Each structure stands twice: as structure tokens, then as C-alpha cells.
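The block underneath contains the structure these notes are about, expressed in C-alpha cells.
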Amino acid sequence: MDLTALREEYTRNGLTRNDLEADPFKQFEKWFKQASEAELPEPNAMSLATASATGEPSLRTVLLKYFDEQGFVFFTNYESRKAQQIEENPHVALLFLWLPLERQVKIQGTASKVPTAESLGYFTSRPRGSQLGAWCSAQSSVISSRKLLEMKFEELKYKFQHGEIPLPSFWGGYRVQPTRFEFWQGRPNRLHDRFSYTLTEETTWEIHRLAP
């Protein structure tokens, strides 16, 4: 299949140095609010790239649940492939793609588990079905059929029918603490605007314009 004729011209906005906040977290918050106000589907969806100790890469989409100047938090099964790779190699990358706004944000940093109390706080806020789903899925493991997964769900639904559902010991959050951001705004003729924020040893952020 030849896709060479499939292309879009980006003409919505530009991005200058004067447009940028000095703090990349504030710049991200500004763009995230604009993506939310534009009613994009799941603006908190982000691609998460991990790699094993030998450098074997893996990529998937997860949902950002909250962020602050300490980092970006998502939740998962601690026995999943992504968790195994983070255990071997904590260096990860995130990508937010907001195509209708012709924008993307790339983030590099290190991932670490959040405290159990923090995972519990989020777990108890989830719908009951999602809580049961965390219990019944041995994420990334091979299963013979969907029927077995549904049977496990019903079994756990019956087991926990009374009272609160406890936090699984194998489930929780990760916080990605950034060392680098890149904000990308599409422009005509593929002359896109790109700005990087790099964390220095003095814990300040250096900002540079990058060639597209």
C-alpha cells in the first residue's frame, strides 16, 4: 500500500520562545487544559515507551491520572511487561499526541513506584468493575480464552460482593519524574516549532529551540 500521497498541512498555530512558560510543568498544564477544553477524546492518553536491561523496546498507551512538579502518574499491574522492564531499566519516555491541535509533547525521565497509600487512594476512587478487573487480570500473561477471564471476574465479583474491594498487592502506580520535555507545534511546509526543556545539575530548566 502506497501512502506517499497521504499528508496534512499544519496551519493552526505557531509557537515562539515568548509563548513558553519558564517552568515546563506549567507549560504542559497550559496545553493540557487547552486539549481538554477542545474536547479531544481522552486527552490524558499517553504512549509509554520502556526498554529492558538489554535495550529491547516496548510501547503502549496508558492513561495519565494526575501530575504535578513531582512527575506524571499512571497505574498498572506490577507483574506486567511494562513493570518488568521498568524494574530492569527505569528510564522511560512519554508521548502525548493531540492531532486536532497539531501538537505533541514528549517527556523523558525515570519511573518509580508511588507509595502504597497513594495507590490505595486512587484504587478506591475507581469504579467497582475496574477494581475487579485489576484483580482478575494477570496482565501480559498468556490466557487460553476470554471465557476464563470472564469466569474469573464473576468469581471475584461474588467473593467481594460485601464491603470494599481491597487493593491487590500486585497493582499500583508509577511516577515518571522528567529530565527532559519537548513541545512540538505543527507548522506549514514541515517547518515545525520545537522547544526542549532540559534539567541541569542546578535543577533549573534550559530552554532551546530545535530544528524541525
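Note that the coordinates shown come from a computational prediction; the quantities given were computed from them, not determined experimentally.
Rounded to the nearest 0.5 Å, atoms CD1 (Ile86) and NZ (Lys113) are 10.0 Å apart. Interatomic distance, Leu210 CG to Ser196 OG, rounded to the nearest 0.5 Å: 4.0 Å. The distance from atom CG of Leu149 to atom CD1 of Ile143, rounded to the nearest 0.5 Å, is 5.0 Å. Going from atom CG of Leu63 over to atom CZ of Phe75 covers 11.5 Å, rounded to the nearest 0.5 Å. We find the CD-CG distance between Gln185 and Asn13 to be 5.0 Å, quoted to the nearest 0.5 Å. The distance from the CD atom of Glu79 to the CD atom of Gln139 is 10.0 Å, given to the nearest 0.5 Å.
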How far apart are the C-alpha atoms of Val105 and Phe183, what are their side-chain angles, what is the distance that settles it, and do they pass the side chain to side chain contact (heavy atoms under 4.5 Å, CB included) test? CA-CA 5 Å; Val105 181; Phe183 293 85; 3.7 Å; yes

Arg209/Asp193 under side chain to side chain contact (heavy atoms under 4.5 Å, CB included): CA gap, chis, key distance, verdict: CA-CA 8 Å; Arg209 178 183 276 274; Asp193 290 322; 2.8 Å; yes

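Not one N or O on the side chain of Asn189 forms a donor-acceptor pair closer than 3.5 Å with the backbone of Leu191. At least one donor-acceptor pair under 3.5 Å links the side chain of Asn77 to the backbone N or O of Ser137.
Looking at residues two or more places apart in sequence or on another chain, you find a salt bridge (Lys or Arg N to Asp or Glu O under 4.0 Å) between Arg194 and Glu182. Remark: Glu87 pairs with no residue by the side-chain contact (heavy atoms from CB on, under 4.5 Å) rule, at least two apart or across chains. Considering only residues two or more places apart in sequence or on other chains, Glu56 meets the side-chain contact (heavy atoms from CB on, under 4.5 Å) condition with Ser52, Thr54, Arg81.
Taking the six-membered ring for Trp and the full ring otherwise, the centers of Phe181 and Phe28 sit at least 6.0 Å from each other.
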Mind listing the side-chain donor-acceptor pairs of residues 157-174 below 3.5 Å, one per line with the distance, residues two or more places apart or on another chain?
unit_1: Gln161; atom_1: NE2; unit_2: Tyr158; atom_2: O; d: 3.2

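Using a 4.5 Å heavy-atom cutoff, the side chains of Ile107 and Met46 are not in contact. Put simply, the side chain of Trp98 does not reach to within 4.5 Å of the side chain of Gln34, judged on heavy atoms. For the pair Leu15/Trp31, a side-chain contact is recorded, criterion being any heavy-atom separation below 4.5 Å from C-beta on. The shortest side-chain heavy-atom distance between Asp19 and Gln27 does not fall under the 4.5 Å cut-off. Under the 4.5 Å side-chain criterion, counting only non-hydrogen atoms from C-beta, Glu8 is not in contact with Glu102. Side-chain contact check for Val176 versus Phe74: some heavy-atom pair is nearer than 4.5 Å. Side-chain contact between Tyr197 and Phe25: absent, with no pair of heavy atoms (C-beta onward) separated by less than 4.5 Å. Counting heavy atoms from C-beta outward, Thr198 and Trp205 have side chains that stay 4.5 Å or more apart.
Residue pairs meeting the side chain to side chain donor-acceptor pair (under 3.5 Å) criterion with at least one member in residues 123-133: none, sequence neighbours excluded. Note on residues 23-39: pairs passing salt bridge (Lys or Arg N to Asp or Glu O under 4.0 Å), not counting sequence neighbours, are Glu21-Lys30, Glu29-Lys33.
In this structure, Lys65 forms no cation-pi arrangement with Tyr122, as its terminal cationic atom is not both closer than 6.0 Å to the ring centre and no more than 45° off the ring axis. Geometric assessment of Arg190 against the ring of Tyr10 yields a positive cation-pi assignment under the 6.0 Å and 45° thresholds.
In this structure, His192 and Arg187 approach most closely via the heavy-atom pair ND1-N, 3.1 Å. Nearest approach of Thr11 to Pro188, heavy atoms of both residues: CG2-CG, 4.2 Å. The shortest heavy-atom contact between Val92 and Leu48 is CB-CD1, 4.1 Å. Here the closest heavy-atom approach between residue Pro43 and residue Phe96 is recorded as O-CD2, 4.0 Å. Shortest non-hydrogen contact noted between Arg12 and Leu101 is NH2-CD2, 3.6 Å. What you find for Thr61 and Ala45 is that their closest heavy atoms are CG2-CB, 4.1 Å.
Note on Leu120: it clusters hydrophobically with Trp135, by side-chain heavy-atom contacts below 4.5 Å among ILVMFWY residues. Clustering ILVMFWY residues whenever any of their side-chain heavy atoms sit less than 4.5 angstrom apart, transitively, puts Phe32 in a cluster other than the one holding Leu95.
Side chain to side chain, Asn18 and Thr16 fail the donor-acceptor criterion of an N or O pair below 3.5 Å.
Annotation for Glu42: atom CD does not count as buried by contact number, only 12 or fewer foreign heavy atoms lying within 6.0 Å.
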